[in-house]
K.L.:
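Once you've had a glance at the structure underneath, I'll fire off some questions.
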Protein chains: 2
Amino acid sequence: MSRSNPRVLSTLERAGGFASAQEVYRLMQREGESIGLTTVYRSLQSLVNDKIVDVLRRDDGEAIYRLCGDAHHHHLVCKGCGDTVEIEGGAIEKWAKTMAEEFGFREVGHTAEIFGLCQKC
Amino acid sequence: MSRSNPRVLSTLERAGGFASAQEVYRLMQREGESIGLTTVYRSLQSLVNDKIVDVLRRDDGEAIYRLCGDAHHHHLVCKGCGDTVEIEGGAIEKWAKTMAEEFGFREVGHTAEIFGLCQKC
DNA sequence: ATGGAAATGAAAATCATTTTCATTTGTGAT
DNA sequence: ATCACAAATGAAAATGATTTTCATTTCCAT
């Protein structure tokens, strides 16, 4: 086990609450912080487990970490610029619950994401 | 430049219109087809360019290719045994479309998956 | 101080994907 | 049929993010 290094979270915040592990690492280096890439990965991982940040994927497959607000939400992601909008998923919650019940599933969770090109792109 | 090897498309279809490059490759191998991994990647790439398939990302970052225009479905996956049920997502389609329009997004796609424990587990 | 648990990071391992490059195949002109 | 050249192929190497290993260091509680 390992707890998150607080400097990692603070750097992610400073990055606009949105960055890849490599970016967080480079940022910390540039700012003269002494930290290893491994620790950055581990810290982000741990923040994800604690649901303090969540993780998406760029088009190129790189994982990007972002501070999440409190409520359960979904994302509308631009394939072009990566811009992300947090959206409500009331319809999804109901759908997931209905489907799960229909097939007798318990302890149900779900993922849902919408992607496309935003106005600018 | 290179055109898509038709056997790749045919295999992707046979896979349910939904698979990663590695999976397509393994499938073709298992079926005794002689093809290189490189060609599989190139063919899928080319199919994406021609907008015959589109590409999403799994949670683990692996790219998955799927025939577009395919009446696509979603999955209900058991966390215990991995059993998967294909389900309809009518409600999702509408939700995705509505949300995307609201924020002015174009060329919209989406992913959605439900997971939980099935009756047996 | 002392021992053990947790944290750290350098280096190696992993894995999907891309690039390189030499070879093979297909095609059209002669 | 033969020649010439473009396109396709695939083995192997390169790339790049992420994970694992493991030896070392830091923290605490006693």
Side-chain angles (χ1 to χ4, degrees), chain A residues 1-12 15-16 18-67 77 79 81-82 84 111 113 115, chain B residues 1-12 15-67 82 111 113:
Chain A
M1 271 19 36
S2 75
R3 236 174 285 122
S4 164
N5 183 318
R7 290 176 294 151
V8 170
L9 177 54
S10 129
T11 304
L12 184 59
F18 198 82
S20 73
Q22 304 278 346
E23 284 163 358
V24 168
Y25 176 64
R26 273 179 240 130
L27 233 142
M28 294 182 80
Q29 295 247 301
R30 226 176 294 135
E31 291 173 357
E33 301 229 40
S34 162
I35 194 164
L37 183 54
T38 313
T39 302
V40 172
Y41 273 105
R42 270 194 288 239
S43 292
L44 288 170
Q45 196 74 42
S46 152
L47 289 167
V48 169
N49 289 342
D50 297 348
K51 300 197 194 303
I52 293 165
V53 314
D54 54 15
V55 58
L56 315 176
R57 292 275 167 183
R58 289 229 184 90
D59 255 16
D60 67 352
E62 193 172 355
I64 47 184
Y65 301 84
R66 112 196 277 283
L67 287 165
V77 186
K79 286 188 281 194
C81 60
T84 301
T111 57
E113 213 165 280
F115 49 84
Chain B
M1 285 340 79
S2 74
R3 237 175 285 122
S4 163
N5 182 316
R7 289 176 293 150
V8 169
L9 178 53
S10 130
T11 304
L12 184 58
F18 198 78
S20 74
Q22 304 278 347
E23 284 163 357
V24 169
Y25 176 63
R26 272 179 241 130
L27 233 142
M28 295 180 80
Q29 294 246 302
R30 227 176 293 136
E31 291 173 356
E33 302 229 39
S34 161
I35 196 164
L37 183 54
T38 313
T39 301
V40 172
Y41 272 105
R42 270 195 289 238
S43 292
L44 289 170
Q45 197 72 42
S46 153
L47 289 167
V48 169
N49 289 341
D50 298 348
K51 298 197 196 301
I52 293 167
V53 313
D54 54 14
V55 57
L56 316 176
R57 291 275 169 185
R58 287 229 186 91
D59 261 14
D60 66 353
E62 194 172 355
I64 48 183
Y65 302 84
R66 131 184 120 184
L67 289 165
T111 56
E113 215 165 277

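Per chain, numbering begins at 1; letters A, B, ... match sequence-line order.
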K.L.:
Within this structure, what is the CD-to-C1' distance between B:Glu23 and C:dT17, rounded to whole angstrom?
P.N.:
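Rounded to whole Å, this separation is 15 Å.
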K.L.:
Given atom CZ of B:Arg3 and atom P of C:dG26, what is their separation to the nearest angstrom?
P.N.:
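Value for this atom pair: 12 Å.
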K.L.:
Distance check needed: C:dT17 P versus B:Leu44 CG, whole Å only.
P.N.:
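From B:Leu44 CG to C:dT17 P: 10 Å.
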K.L.:
Quick check: are there more than 12 heavy atoms from other residues, nucleotides or ligands sitting under 6.0 Å from CG of A:Asn49?
P.N.:
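Enclosed: over 12 neighbouring heavy atoms sit under 6.0 Å from CG of A:Asn49.
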K.L.:
Can you tell me the distance, in whole Å, between the CG atom of A:Leu37 and the P atom of D:dT21?
P.N.:
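Rounded to the whole Å, the gap is 17 Å.
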K.L.:
Over how many whole Å does the gap from B:Arg26 atom CZ to C:dC15 atom C1' extend?
P.N.:
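Value for this atom pair: 11 Å.
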K.L.:
If you check every side-chain atom of A:Asn5, which of C:dT8, C:dT18, C:dG9 has the closest atom?
P.N.:
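Looking only at side-chain atoms, A:Asn5 lies closest to C:dT8.
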K.L.:
From C-beta outward on A:Thr38, which listed nucleotide comes closest to its side chain: D:dT20, D:dT18, C:dT17?
P.N.:
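Among the listed nucleotides, the one closest to the side chain of A:Thr38 is D:dT20.
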K.L.:
Base, sugar-phosphate, or nothing: which does B:Ser43 touch, judged by heavy atoms less than 4.0 Å apart?
P.N.:
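If one applies the 4.0 Å heavy-atom cut-off, B:Ser43 turns out to touch nothing in the nucleic acid.
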K.L.:
Can B:Glu33 and B:Arg26 be said to form a salt bridge (charged side-chain N to carboxylate O under 4.0 Å, His left out), step by step?
P.N.:
CA-CA 10 Å; B:Glu33 302 229 39; B:Arg26 272 179 241 130; over 6 Å; no
K.L.:
Closest to the B:Arg42 side chain: C:dT17, D:dT18, C:dT20?
P.N.:
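Selected nucleotide (nearest to the side chain): C:dT20.
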K.L.:
Would you please test B:Glu23 and B:Tyr65 for side-chain hydrogen bond (donor to acceptor under 3.5 Å, both in side chains) and show each step?
P.N.:
CA-CA 10 Å; B:Glu23 284 163 357; B:Tyr65 302 84; over 6 Å; no
K.L.:
Rounding to a whole Å, what distance do you find between A:Asp60:CG and D:dT15:C1'?
P.N.:
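These atoms are roughly 13 Å apart.
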K.L.:
Contact class for A:Ser46 (heavy atom, under 4.0 Å): base, sugar-phosphate, or nothing?
P.N.:
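Counting heavy atoms under 4.0 Å across all strands, no contact is made by A:Ser46.
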K.L.:
Using a strict 4.0 Å threshold on nitrogen-to-oxygen distance, state whether A:Arg66 and A:Asp54 make a salt bridge.
P.N.:
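Between A:Asp54 and A:Arg66 there is no salt bridge, as every charged N stays at least 4.0 Å from the carboxylate O atoms.
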K.L.:
Side chains of A:Arg7 and A:Ile35: does their closest heavy-atom pair fall under 4.5 Å?
P.N.:
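Touching, per the 4.5 Å side-chain cut-off.
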K.L.:
Can you measure B:Asp59 atom CG to D:dT19 atom P for me and round it to whole angstrom units?
P.N.:
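The distance from CG of B:Asp59 to P of D:dT19 comes to 12 Å, rounded to the nearest Å.
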K.L.:
Please work out if A:Glu62 contacts a base, only the sugar-phosphate, or nothing of the nucleic acid, heavy-atom cut-off 4.0 Å.
P.N.:
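Here A:Glu62 touches the backbone only, sparing every base.
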K.L.:
To the nearest angstrom, how far is A:Gln29 atom CD from C:dT8 atom P?
P.N.:
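Distance, rounded to whole Å: 15 Å.
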K.L.:
In terms of side-chain heavy atoms of A:Ser34, which of C:dG9, C:dT17, D:dT19 is nearest?
P.N.:
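Nearest to the side-chain atoms of A:Ser34, counting from C-beta on, is C:dG9.
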K.L.:
Are any of B:Tyr41's side-chain N or O atoms less than 4.0 Å away from OP1 or OP2 of C:dT18?
P.N.:
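Answer is no, no contact under 4.0 Å.
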